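See below for the structure under consideration.
Fair warning: this is a prediction, and the values are worked out from it, not measured in the lab.
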There are 2 protein chains.
Amino acid sequence: MEQIRRAYRRESEETRREALISATQSLVAEGGPEAATVRAIAARAGVTPGLIRHYFSSKDDLTRAAYIALIDGMTEKGAEALREADDRPEARLAAFIVASLTPPVVDISAVVLWAGYMHKIRADSELRGVHQGGYLRYRNTLQSLIADLPREVSAARLRRDAIASNAMIDGLWLEGSILPDGFADGEIVATGLLAIGTIVGCDLLSHMKLAKPESAAE
Amino acid sequence: MEQIRRAYRRESEETRREALISATQSLVAEGGPEAATVRAIAARAGVTPGLIRHYFSSKDDLTRAAYIALIDGMTEKGAEALREADDRPEARLAAFIVASLTPPVVDISAVVLWAGYMHKIRADSELRGVHQGGYLRYRNTLQSLIADLPREVSAARLRRDAIASNAMIDGLWLEGSILPDGFADGEIVATGLLAIGTIVGCDLLSHMKLAKPESAAE
DNA sequence: TTCTCAATTATACATGCGTACAACAACGAG
DNA sequence: CTCGTTGTTGTACGCATGTATAATTGAGAA
């Protein structure tokens with residue numbers, strides 16, 4: 001009997017690493033950390049299990065890369081929204097909040113993926129650093145957006161407002177993702193804009209632009 | 001060679017179930033879901049692995065029981081604080097918030113434990129029901145506390161304030177637990193009281209009582 | 001075309017997992 | 001004191017996991 005080997009193509013290191021990281025993330029998002037086995041990851045990435053160890057020194061190494069990619073992606077989402085926003089301070093803050101409180105950020109898979117790495121943040125000091133860096137970067141962006149608002153406040157008040165606004169976004173992100181049926185359309189976004197607006201003393205709701213222009217085409 | 005069996009004591013069903021659930025929770029809290037194997041759980045509970053299947057039909061059954069116990073415990077913490085609080089509305093709301101934003105609720109192990117069950121909430125409809133029930137119970141408590149405040153607002157505003165306050169507590173719970181070194185002592189609690197106070201239009205900070213009377217003895 | 005090298009596959013291995021079940025012994029009933 | 005119930009132990013089984021490594025083969029270099 002003939003031993004036939006499966007055909008394959010050689011790909012660049014970048015392509016393969018991205019495919020493996022993406023496969024890991026989607027598996028964790030769908031079935032939790034235990035679903036992301038080397039065999040399942042390889043199958044989803046379209047390669048055989050052995051290849052993982054050619055690009056990552058261990059499964060743990062791949063896991064770490066996948067977490068770093070997740071944090072980078074989440075950070076990027078808000079920055080993207082800011083680039084497209086106009087230059088009125090209220091509108092910029094509102095756009096940032098809207099981007100953080102609508103899909104694909106608000107999504108049960110995103111929360112499951114994020115939660116799946118939770119215990120590794122505690123055990124692995126490098127991942128803890130990545131988490132902390134991502135959190136502080138996000139909060140600092142938020143703080144500078146708040147600082148640009150037309151009002152005069154102390155540094156302590158500014159810090160407090162940024163922490164509170166960040167917490168409000170995180171909490172609404174969780175609840176809106178995990179319990180999507182519990183809220184009316186747009187209720188999460190509206191609640192976030194209203195609450196953060198109250199905290200920082202500005203009307204953000206009227207500065208809200210529709211997040212997805214293409215949704216008007218329905 | 002003699003085959004010696006390890007000595008043991010017979011215990012009540014309740015004792016054993018509680019021990020196994022508690023062992024499961026602490027293992028998940030420390031090392032994530034993958035650390036909670038039947039062998040590890042049995043060892044921590046002081047029994048042999050076989051006994052698990054005598055009290056739970058499967059490991060999944062035990063996992064489910066552990067999650068339900070977690071949700072019940074978290075719900076209970078706030079109710080306990082309310083029983084000890086005095087009867088001024090602002091003080092009651094403040095006490096509830098303080099209890100939710102101080103240890104042992106704010107704790108990295110609690111977050112890791114909670115996050116460890118995240119993906120099961122999605123896959124298991126019974127657990128989803130438990131989660132939803134726990135969340136709504138908590139938010140309704142919060143809403144009735146807010147409703148008792150000396151102010152007149154619409155039902156829609158009341159609901160919105162409750163959702164926002166809940167999100168604020170959740171977000172601060174996460175951040176204070178995961179990044180304890182990032183905040184000064186009491187900063188999380190003070191931020192929560194101040195922000196929720198602003199949202200509902202009351203001064204909660206001045207109604208705050210020290211959470212732990214025994215901490216004054218240091 | 002032929003050669004060369006490393007990207008990729010395929011196979012094997014030790015370990016740990018959840019489960020099943022028969023044997024044992026603690027302890028209350030009589 | 002003896003017996004019977006059943007809580008508890010110990011062992012075994014099949015399977016999946018992460019890892020190691022030899023064998024192949026795609027694709028650019030000469």
*asked:* Distance alone, cut at 3.5 Å: any donor-acceptor contact between the side chains of Ser22(A) and Arg44(A)?
replied: no
*asked:* Do Arg122(B) and Ser109(A) pair up side chain to side chain, a donor and an acceptor below 3.5 Å, judged on atom types alone?
replied: yes
Kindly say if [X] contacts the phosphate of [N], meaning a side-chain N or O under 4.0 Å from OP1 or OP2.
X        : N       : answer
Tyr55(A) : dT8(C)  : yes
Arg53(A) : dA20(D) : yes
His54(B) : dT8(D)  : no

*Answer yes or no: side-chain N or O of Arg16(A) and base N or O of dA7(C) forming a donor-acceptor pair under 3.5 Å.*
no
*For the side chain of Arg39(B) and the base of dG18(C), is some donor closer than 3.5 Å to an acceptor across the two?*
yes
*Contact nearer the 5' end of DNA chain C, comparing Arg6(B) with Glu34(B)*: Glu34(B)
_By nearest atom, which of the nucleotides dT24(D), dG7(D), dA27(D) is closest to the Arg10(B) side chain?_
dG7(D)
*Val38(B) has a side chain; which of dG18(C), dT5(D), dT9(D) sits nearest to it?*
dG18(C)
*To the nearest Å, how far apart are Leu20(B) CG and dG18(C) P?*
13 Å
*Geometric class of the Tyr138(B)/Phe96(B) ring pair [parallel <30°, tilted 30-60°, perpendicular >60°]*: tilted
*Between Arg92(A) and Asp87(A), is there a side-chain N and carboxylate O pair less than 4.0 Å apart?*
no
